[in-house]
Number of protein chains: 2
Amino acid sequence: MATIRDVAKLADVSVSTVSLALSNPARVSQKTLEKIRQAIAAVGFVADPLAQSLARGRSRMIGFVVGNVGNPFFGDIRRELENYALDHQHFVVVTDSSGKTDRERALVEHLIGLKTAGLALAPSGYDQDYLDFIAGLNVPIVCFDQKVAGIERDFVGSDNYLAGAMLTEHLLQLGHRRIAFITGPSHMHTATERYRGFADTMANAGVEVNPNFVVDGQFTRAAGYEAAMRLLIQPERPTAILGANNAVALSALQAMQELGFRCPEDISLAMIDNVQWSSVITPRITMVVQDTLALGGIIARRLMHRITNPQGAVEPPQDFVLTPKFVPGNSCRRI
Amino acid sequence: MATIRDVAKLADVSVSTVSLALSNPARVSQKTLEKIRQAIAAVGFVADPLAQSLARGRSRMIGFVVGNVGNPFFGDIRRELENYALDHQHFVVVTDSSGKTDRERALVEHLIGLKTAGLALAPSGYDQDYLDFIAGLNVPIVCFDQKVAGIERDFVGSDNYLAGAMLTEHLLQLGHRRIAFITGPSHMHTATERYRGFADTMANAGVEVNPNFVVDGQFTRAAGYEAAMRLLIQPERPTAILGANNAVALSALQAMQELGFRCPEDISLAMIDNVQWSSVITPRITMVVQDTLALGGIIARRLMHRITNPQGAVEPPQDFVLTPKFVPGNSCRRI
DNA sequence: TTATTAAATCGAACCGGTTCGATAAAGTCT
DNA sequence: AGACTTTATCGAACCGGTTCGATTTAATAA
């Protein structure tokens, strides 16, 4: 590999001039610039990003940290970020914490060690220790998905309260009263907001919620399945189930299928967030989806703004909350 | 941040001794080691990975390059690799080429620039230019999924011929004769092998394949859908469709549903490779799946072996081919 | 023409580690 | 005790860039 010194030698200028020509061509004379250009081409010089990062104290990498890269929600956001970053000479380093806080922390520390220019982070923690950790990071960070109280950073996400409310209202309009709700982890903002949207809408409609109809699905497949089973074996069953995310809702569908319930004839089902092959799942689940592309775009622009603008770093954190979209399926019947 | 010089000063030894103590403690005397240990703890020293990489010419990062991180097949492999790498002080950088060869190339070049210790690569190219590019990379590489003729690297994958043959035989056993096959891109090894398995098994059974029953689905959703539609509008329809991968098979299911065909009553369906929520797709698709966890484990071990063992780098490339597994569903009926 | 200012270029230090040959200290052999 | 190893430590060069104050050169003003 050719180094900057090879270029300098060939162009018969000093190393610092070559460096200057690369970073700020306007400050180098035309003929010198030309000599350097030719020398660079002749030796095939490409600056070593590692050496640059070490010297500058900042790299051109952006860290992307989520709990599950396989989730299409994160996948769409990742793609948007990658495209935007690439257009701005930045490179996205994707990492997966598997939803584990300690793993996430290790990854973030590693990324900081790499002197990443910025971080797009879907936070997985919430306690004081975690907050301190995030607060201590001296890098532009845009958080998304989970709004965590106490993190003073930009946040990009959807109106989860509305998401829960929309589906609840839809079920109420169809005549349902015995509506069950499979929740997510209580420490997650998305989970509590979606539940609030459900509970408030029920209350506003004057419909009392059977406490046995609210079960914890942890946003996971296993817990969601168990929670759904608990719902289905009750003597007085719900007429509709609302899953707080895709995993718990589809687990509920599976449980229903296994027990012999038909959807929507016996029980209606609705969920928040899409999955990859939802169009071939029978019945097509009625859902509320987030505008992942828009979210990704905002995250990308906001992060690059903070990274590239000198004064962008000190701007106060801002929240961007998008409205989710109702996507009707045929999993909810009128009763 | 504390540097190695701070440690050296405090421990009253030279910088090189500290470095040696860190990389090869056995070669430093006990008492010096202890002094250094204390000094490190006192100043809170953590080695800067960038500086290390620059000096060593190698980093502790492993590049993971695939066409679609969202595909659970790659997701499982990624997870295995991450776990194994983490246990060996290595860090996986995930990248997604979206299946585009030029993008993959840019990513690989970037990773090489980062002086990654090794690459786990699902190759997307096949022409001479691509082969030269891969051959020119002076880094441990383990290729997987696609076996590309001419790449002299370790390869880890499944017996795709067998996968195609197994499902074909199954359909034949159920009495099907008019079996359609939706193929993948002809330059992909997995695609051609799966097709060979199909064609050979049909031939061995003395069943002639209707040329109209072999359509190109490009392994993608869009092309798969179109290909399936072409099959379904033929006057003499197939009684069974075999999808060469999950995307084309599920697109076929969607097409069938949209046109009003019932599966398996009207048309049977089988596919190669699983998808995330296959258990809630009706009907449960009969499929052949790869042992992703085992594949991931082999990839991880093989790559780390080459990275960490001095002589591992020069070992001749080796192929690891696993046998896929038949997973019966209820999408194929006896006729 | 000379003093003053601006533009172009350079040298050296620096980022934070690693590596290797040289030197010093300790141990072994005859 | 002297010669020869082995072990422990060190200094300096190096990885490949950036940065900034100093110096040289060119342009403008008086």
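Residue numbers begin at 1 in each chain, while the letters A, B, ... track the order of the sequences.
Distance from the side chain of T17(B) is smallest for dT9(D) among the nucleotides dG17(D), dG17(C), dT9(D). With dC10(D), dG17(C), dT9(D) as the choices, the nucleotide that has an atom nearest any side-chain atom of V13(B) turns out to be dC10(D). Among the nucleotides dC15(C), dT18(C), dT9(D), the one closest to any side-chain atom of I4(B) is dT18(C). Closest to the side chain of S19(A), out of dT18(C), dT9(C), dT19(D), is dT19(D).
The NZ atom of K115(B) sits 8 Å away from the C1' atom of dG16(D) (whole-angstrom rounding). As a whole-Å value, the separation of D48(B) CG from dC15(D) C1' is 13 Å. Rounded to whole Å, the distance from CG on D12(A) to P on dA8(C) is 18 Å. The interatomic distance linking Q30(B) (CD) with dT9(D) (P) rounds to 10 Å, in whole Å. Rounded to an integer number of Å, the gap from L54(B) CG to dC14(C) P is 17 Å. In this structure, L20(B) places its CG atom 10 Å from P of dA8(D), rounding to the nearest Å. Atoms CZ (R58(A)) and P (dT19(D)) sit 13 Å apart, rounded to a whole Å.
At most 12 non-hydrogen atoms from other residues, nucleotides or ligands lie less than 6.0 angstrom from NZ of K9(A). At most 12 heavy atoms of other shown residues, nucleotides or ligands fall within 6.0 angstrom of atom OH in Y126(A). At most 12 non-hydrogen atoms from other residues, nucleotides or ligands lie less than 6.0 angstrom from CG of N138(A).
Phosphate proximity of dA8(C) to S29(A): absent, as no side-chain N or O sits under 4.0 Å from OP1 or OP2. Close to dG11(C), at under 4.0 Å from its OP1 or OP2, lies no side-chain N or O of S14(A). Using a 4.0 Å cut-off, some side-chain N or O of Q52(A) falls inside it from OP1 or OP2 of dT18(D).
Judged by atom type and distance alone, R56(A) does not reach the base of dG17(D) through any side-chain donor-acceptor pair under 3.5 Å. Put simply, the side chain of S16(B) and the base of dG11(D) share a donor and an acceptor less than 3.5 Å apart.
Between F91(A) and H110(B), the angle of the ring planes stays under 30°, which puts this pair in the parallel group of the 30/60° scheme.
For N83(B) and R103(A), the side-chain atoms include at least one donor-acceptor pair closer than 3.5 Å.
Across all strands, V18(A) comes closer than 4.0 Å to no nucleic acid atom at all (heavy-atom distances). Residue contacts for L50(A): at a heavy-atom cut-off of 4.0 Å it reaches no nucleic acid atom on any strand shown.
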